[in-house]
Structure formats: C-alpha cells, structure tokens
Amino acid sequence: MPVESFDKTFLSVGIDLGLKTLATLSNELKITNLDLTYENKMIKKYQKTLSRKKIQQ
C-alpha cells in the first residue's frame, strides 16, 4: 500500500491526551475513544468460565 505524501507546511499542532476523548488537537480536532464494551464483556465471560474449570494434572 503506497504512502501518500503531503507538502511541508512547517505548522505545528499540540496534542492533549484525555479520558473523555482520546486526544484533542490544538486545531480543535477531537479523536474519540474506542468503544470496547463488547470486547470487555467477552473477556469477562471467558475469564469466569476459565476460573471455574478444574485444572487437570
């Protein structure tokens, strides 16, 4: 996959990392957090299942 190149503008952007939004840039662009609700539910389910299994020796 080729990488697209851009012209140099010599402008800088500040990045603020947070809890509500993953990142807020100084140009007012906000990058939201990932929604991991389903993944967390599945991890909890499998951890519960594994913890109830007896270890075979």
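Keep in mind it's a predicted model, so treat the numbers as computed, not measured.
Two different hydrophobic clusters hold Tyr38 and Ile43 under the rule that ILVMFWY side chains link at heavy-atom gaps under 4.5 Å. No single ILVMFWY cluster, assembled from side-chain heavy atoms under 4.5 Å apart, contains both Leu17 and Leu34.
Side chain of Asn33 to main chain of Leu22: a donor-acceptor pair is present (N/O by atom type, distance under 3.5 Å, no hydrogens or angles). With Asn27 contributing its side chain and Val13 its backbone, the two residues share no donor-acceptor pair below 3.5 Å.
Between atom CG of residue Leu25 and atom CD1 of residue Ile31 there is a gap of 5.0 Å, rounded to the nearest 0.5 Å. Distance check: Leu36 CG to Met42 CE gives 14.0 Å after rounding to the nearest 0.5 Å.
With a 4.5 Å cut-off on side-chain heavy atoms, Thr49 and Lys53 count as touching.
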